[in-house]
Amino acid sequence: MEERETTFAPTLTLMALAISAFAIGSTEFISVGVMPLIIQTFGISLSTAGLTVSIYAGGIVIGAPLLTAVTGRIQRKQLLMLIMGVFIIGNVLTAAAPTFPILLAGRLVASFAHGLFMSVATMIAANVVTPEKRASAIAAMFTGLTVATVTGVPLGTFIGQHASWRISFLVIAAVGLIGAVANFVLVPSQLAMPAPIKRGSIMRLMKTPVVLVAMIATALGYGSSFPVYTYLTAILGKQGFSTTVIVFILVAYGLAVALGNVMGGHFANIKPLRALTVMFTLNIVLMLAMLIWMMNQGIGLILVVVLGVLAYINVPGLQLYTMQAAEKLAPDDVQMASALNISAFNIGIMFGSTSGGWIVDSLGLQWTPIASLIMSALALISVLWLARKENNLKSRDKPD
């Protein structure tokens with residue numbers, strides 16, 4: 001891991017990273033909000049327009065580990081500035097795209113910046129604070145993503161509807177520029193370089209059972225909210241809420257997500273596996289309750305807000321534990337482990353959303369918690385296995 005740098009106040013460094021994360025979080029989901037406008041501009045079908053989401057997620061999954069491998073020798077702050085430059089270019093290209101394929105190219109460029117940023121920023125956040133505060137630092141950096149869920153995406157959608165979807169992407173590029181300036185001013189310049197990424201790091205991590213299972217837990221645990229979340233607007237409509245009220249409920253949901261993210265960082269600081277065990281157990285209980293009461297207007301609304309709290313509460317612990325496991329078992333591959341875990345988060349998004357779609361098509365909207373329940377249970381099993389392995393290692397290390 002990198003050595004701590006004390007020249008800058010960690011809070012200011014984390015704030016700079018959060019600003020960039022806000023821009024990146026906004027661009028990830030903004031195409032959903034402006035999709036009807038993109039369809040109108042290019043005369044494409046809804047399924048074709050959906051490529052703006054799937055290609056972006058796929059770019060993160062592929063780009064995070066591969067770009068981490070080829071940029072391992074670049075000084076961390078310089079790399080951060082390059083990432084934000086690529087992010088800005090990707091969004092400007094998207095905004096100016098004369099054809100839909102060029103728009104997709106812009107989305108792909110921005111997605112490469114997204115995956116690499118989350119990997120690098122996680123490492124920086126974890127290393128500008130003391131070890132017992134690492135999960136909270138990661139949560140602080142991820143706060144930018146959660147705030148984007150609350151305000152960035154709705155604001156971008158509003159701009160698109162009242163001006164142009166192209167202006168929405170230009171505004172996001174401008175926020176990215178602000179983030180780049182903040183990084184330039186507030187991120188330490190002399191962060192020690194991570195261990196060089198050696199050939200075969202991805203395969204070594206895949207052959208390290210604890211790290212591999214940790215990433216599986218990430219995909220299953222984080223993705224477990226998406227079978228329901230993907231269809232949240234439709235669910236709220238079935239509960240009987242008007243479109244105007246749904247907007248306010250979605251804002252409340254976003255605030256709950258932000259709260260859960262902060263709580264998750266606090267609880268996972270010392271013993272992330274214990275915290276994750278409780279979190280996934282609570283998620284299982286929530287999904288069982290949703291299967292019974294999700295379509296009830298009063299109880300269902302309360303369950304939706306609880307879903308928001310639990311949706312991101314596991315993120316800091318999942319990212320921190322994967323990095324800790326790699327630090328112990330594959331110390332030369334910590335940076336790559338961070339990148340692969342970012343990919344795992346997005347694999348979880350894709351799998352969760354897809355499985356929710358299967359449930360909707362085959363059983364109906366009210367049964368989407370089934371997919372969430374299964375994913376949560378598998379994530380809990382993975383975490384319990386990791387805890388058992390950790391306890392066995394501790395017992396083995398104790399002197400007779």
Side-chain angles (χ1 to χ4, degrees), residues 1-2 64-65 68 118-127 129-142 145 194 201-202 204-225 260-283 310-348 375-395 397:
M1 297 281 276
E2 299 172 358
T68 296
M118 298 309 299
S119 172
V120 173
T122 296
M123 293 289 292
I124 293 174
N127 286 281
V129 297
T130 53
E132 68 273 11
K133 294 182 179 179
R134 285 178 174 175
S136 289
I138 293 171
M141 186 273 292
F142 271 98
L145 294 178
S201 62
I202 295 178
R204 279 195 302 275
L205 290 168
M206 293 295 100
K207 293 178 181 178
T208 306
V210 170
V211 177
L212 178 60
V213 173
M215 289 189 286
I216 291 172
T218 294
L220 291 169
Y222 178 67
S224 65
S225 66
N261 179 57
V262 174
M263 291 171 60
H266 173 75
F267 292 130
N269 270 325
I270 307 300
K271 295 183 178 180
L273 287 181
R274 178 180 295 179
L276 289 169
T277 299
V278 174
M279 292 168 189
F280 292 136
T281 300
L282 290 174
N283 212 44
L310 295 181
Y312 267 68
I313 199 171
N314 54 56
V315 170
L318 289 167
Q319 186 70 3
L320 175 64
Y321 182 77
T322 302
M323 291 167 58
Q324 288 178 337
E327 189 175 13
K328 294 176 184 177
L329 302 172
D332 291 339
D333 302 318
V334 178
Q335 181 80 16
M336 180 56 70
S338 175
L340 287 173
N341 211 47
I342 296 300
S343 293
F345 281 115
N346 285 275
I347 290 172
M375 293 178 71
S376 296
L378 292 174
L380 178 60
I381 291 170
S382 301
V383 169
L384 292 174
W385 184 88
L386 290 169
R388 183 179 178 183
K389 292 289 290 185
E390 188 173 89
N391 290 333
N392 289 341
L393 288 173
K394 288 180 180 178
S395 299
D397 292 341

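Numbering starts at 1 and runs along the sequence shown.
- Under the side-chain contact (heavy atoms from CB on, under 4.5 Å) criterion, Ser343 pairs with Val61, Ala64, Pro65, not counting sequence neighbours.
- The main-chain N or O of Ser136 is found under 3.5 Å from a side-chain atom of Asn269 such that the two form a donor-acceptor pair.
- The ring-ring contact (aromatic ring centres under 6.0 Å, His included) analysis of residues 316-340, with sequence neighbours excluded, yields no pairs.
- The heavy-atom pair separating Ala337 from Thr322 by the smallest distance is O-CG2, 4.1 Å.
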From CA spacing to verdict: side-chain contact (heavy atoms from CB on, under 4.5 Å), Leu378, Met375: CA-CA 5 Å; Leu378 292 174; Met375 293 178 71; 5.9 Å; no

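- Between the side chain of Asn391 and the backbone N or O of Ala387, at least one donor-acceptor pair lies under 3.5 Å.
- Nearest heavy atom pair, residue Phe280 against residue Ser376, reads CB-O, 4.2 Å.
- To the nearest 0.5 Å, atoms CG (Leu276) and CG (Asn283) are separated by 11.5 Å.
- How far CD1 of Ile216 is from CD1 of Ile381: 12.0 Å, rounded to the nearest 0.5 Å.
- Here the closest non-hydrogen pair linking Ile342 and Met118 is CD1-CB, 3.5 Å.
- A donor-acceptor pair under 3.5 Å links the side-chain atoms of Thr208 to the main chain of Arg204, judged by distance alone.
- The CG atom of Leu220 sits 10.5 Å away from atom CD1 of Ile347, with the distance rounded to the nearest 0.5 Å.
- Smallest separation of non-hydrogen atoms from Leu273 and Val383: O-CG1, 3.6 Å.
- When every heavy atom of Leu386 is checked against every heavy atom of Val210, the shortest pair comes out as CD2-O, 3.4 Å.
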ask   = Do Met215 and Val211 pass the side-chain contact (heavy atoms from CB on, under 4.5 Å) test, and can you show the C-alpha distance, the side-chain angles, and the key distance before you say yes or no?
value = CA-CA 6 Å; Met215 289 189 286; Val211 177; 3.9 Å; yes

(request) Begin with the C-alpha distance, continue with both residues' side-chain angles, and end with the deciding distance and a verdict on side-chain contact (heavy atoms from CB on, under 4.5 Å) for Asn261 and Ile313. (result) CA-CA 5 Å; Asn261 179 57; Ile313 199 171; over 6 Å; no

(request) Take Glu390 and Lys328 through the test side-chain contact (heavy atoms from CB on, under 4.5 Å) and record every step on the way to the result. (result) CA-CA 11 Å; Glu390 188 173 89; Lys328 294 176 184 177; 4.3 Å; yes

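- A heavy-atom distance below 4.5 Å is found between the side chains of Thr277 and Leu380.
- The heavy-atom pair separating Met141 from Ala125 by the smallest distance is CB-CB, 4.2 Å.
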